[in-house]
Amino acid sequence: MSPTPSGTGPLDPGVSGIDPALMDGFVAAMSRAHALIGEHSRALRDELERARVSASALTPVKAVEDWTGEQLPRLRTRLEVIRRKVPGWGPLVTARGLITYDEGQVPYASPGESREEGAALAALYRDNLARSAGKVDTKGLREERAALLSRLLARKGDADFAAAFFAGLGARATVRLPEDVRLLYDDSPTVPVDDRHTGKEAALAGLSAAFAAATAARRRVPAFGKVMDDLARRGDEAHRDGLSWLVSTGHFPTGWLASVARANVVLPMLSRTLRQTEISLGTTSRFLRALAGNPAAARAAVGGAGGDWTSQPPSTLPVPSGIPRPTLGGVLSVMNAYVAGDRRTSDAFGSMLAAASGVYDEKDGAHSQDAARFAFHVITTAPELSMHDVMKRHLAEIGGSYATEFAAGADTLDPGSSGAGRFGTFDDELPGTKPAFRLSLRDGYRYLQLFADTDENMEPFDRGMAGLAQRLFTLSLDIDKHRIAHPPADGSQPVTAVEHLFSRLGAVSGMQFAAMKVVRGTADAEARRGYETFELALDKGADIALLSTPTFGLPAAAAAAGWTVFSWAVKDGLGAVLEPDARLPDVNDKELTKTMAALHDMAAALMDGGYTGAKPPVRFRAPTDPLIVGDDGRLRPYAEIAKDPKAMTAFLEWLKSNGSTDDRADRRSFGRLAASAASKFSAQQDVAQALLAASDKRLTSMLTGRDQ
């Protein structure tokens, strides 16, 4: 991270510097690499052991895992040094570029010296504990202990130093360290361990960071490896509480953390021996938070080694002989029963489920098989669970991260959409998608009900659908432009890719409508606060359109609002907008306004996507009326057009001139494509709801207004 060119100022070879923004990304990438290497090498090792084949070939892979684990604490320490130089550190300062610092501030001696110094500190700490054992813990002894802990925290990123220190203490004293720290602050909250750890939580987080750094040197300090092994075993309640603090903040080896959580959380839950005090005091939530920070460890801990509880050796499970092994869904049910009554632990559990499902480190449409398998079990199991409200948003995050799979399951014309869900990739026939698993229409509907009670809980799912719609819309436009340039030899006009996309999106929207109507107990669309959001945006002239505004760089709420606007706009007012002389009596002005806004967004998106640049058969007349088009040739924002009735009339006439109401027009013409895509979206909303209502009396009652 130090510049190499010679010169003066920042290019002087004696100057050290780091770009915080680049370093953040680099550390994140290294963390992911470390976790993935560990996860996959362990899976390979397990398979080789089952086949009774030597795993010696994996030794170089293990060396790489250890090396990356060793570098991470050092990189994080340097980043922390830089951040202390930048007041108000946050996203707004990432554009500062290279920031100089003194490499001497990074407290690293040679590995050998570090180990000697760590062992010496441990000896002093043991002596302090011995002098206070069974006696009055005097102020002088406490101040001495605080000074010793300060020395540890000052070098919390030095792996060899920390490993030697914890090795010198041994497992029993190490697991008691969090209690030692808490007692220091409880006795005198105003006397910190040191000037960078002025509160108890900060000091405990520093202790966890030191313990995490030590794990990178476990091969070089075998005694510390034994401490790790001893701590990983299941202990009593006090042991688990101390260990939960040790793993609460830092970054730990995936396999070890999974073993710790499995032994101290999952298995005690399965055997019904976990005490309720461990929930109420936060012990369990700290373990779950640690898993949330390491998705691979979360999958291994909750899914069992290798992700499959049914294949575990009998000795590892608290299940009597002859009783079926638990499935992953069964394990999730047991864990949920424990945490459902405690808000803090429920939130940690939900965060862990989302992390293990690949929400925070993977992308929709490109999930790893392990993450997708976990998510499939969560989505198909969660509807049977009782849960605290704080879990709902995390479940919505999972839904939004798997928008591709929800769209794949919403194919109302495919008989498979009414069958049982199954894990495994399949050809969805929707361009640009390769679903990792298949959900039935009912699977998706039941899952959406879990967080359909408020717009705030639904927002992560809305955001995921907005991202999917934007990505696939761009791809669909490219496909249609290619088809126009290379038309079928028989002169046929197949359904356009844009129409296909909006048919599927409409079915997802219908599934979402159905879930909201049942959960909220009303079929009245005006009860949805999303309309208020939309109208406020129009009043302010804000552009939160689904298609014409990219999500990148926008607040999450804006992207989610785009899906909200389009989903609820293209509804009953569509026919009245396209045929204003035959206005439907039950369509009010608000519905017309919303529908016209959606058509505006569709038209603007087609223009911005370059669809109008294609050669015939696309029929396109560019807008020329200054009421609806700006000097740049683009449509004015809908908020401007909507203010003037003449401008709105001009907009609808322009769409009509482009074939929006002409059934004889080529389906690929600009106006007809915009209207047809919107119509298919609306129609599939109704089809999806009708299919779901056939097996849900509550939904039938909502749709018909009659008790069933």
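Computed from a predicted model, the values in this text were never measured in an experiment.
- Of the possible donor and acceptor atoms, one in the side chain of Ser271 sits under 3.5 Å from a partner among the backbone N and O of Leu267.
- Within a 6.0 Å radius of CZ in Arg131, other residues, nucleotides and ligands contribute more than 12 heavy atoms.
- In this structure, a donor-acceptor pair under 3.5 Å is absent between the side chains of Arg286 and Ser248.
- For CZ of Arg172, the number of neighbouring non-hydrogen atoms (other residues, nucleotides, ligands) closer than 6.0 Å is 12 at most.
- For the pair Glu278 and Arg240, the salt-bridge criterion is met [side-chain N within less than 4.0 Å of a carboxylate O].
- Using cut-offs of 30° and 60° on the angle between ring planes, the pair Phe406 and Tyr447 is tilted.
- A donor-acceptor pair shorter than 3.5 Å can be found between the side chains of Asn457 and Thr454.
- The number of heavy-atom neighbours closer than 6.0 Å to CD of Gln369, taken from other residues, nucleotides and ligands shown, is 12 or below.
- Within the 4.5 Å cutoff, no side-chain heavy atoms of Phe211 are placed close to those of Leu177.
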Asp364 vs Arg463, salt bridge (Lys or Arg N to Asp or Glu O under 4.0 Å): CA-CA, chis, key distance, verdict: CA-CA 11 Å; Asp364 174 35; Arg463 185 172 6 119; over 6 Å; no

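- Looking at Asp347 and Arg393, their side chains never come closer than 4.5 Å, going by heavy atoms from C-beta outward.
- Exactly one of Asp389, Val339, Asn336, Ile279 qualifies for a side chain to side chain contact (heavy atoms under 4.5 Å, CB included) with Ser346. That residue is Val339.
- Salt-bridge check for Arg220 with Asp160: passed, with a basic side-chain N closer than 4.0 Å to an acidic carboxylate O.
- No option in Val260, Leu257, Val265 other than Leu257 meets the side chain to side chain contact (heavy atoms under 4.5 Å, CB included) test with Leu291.
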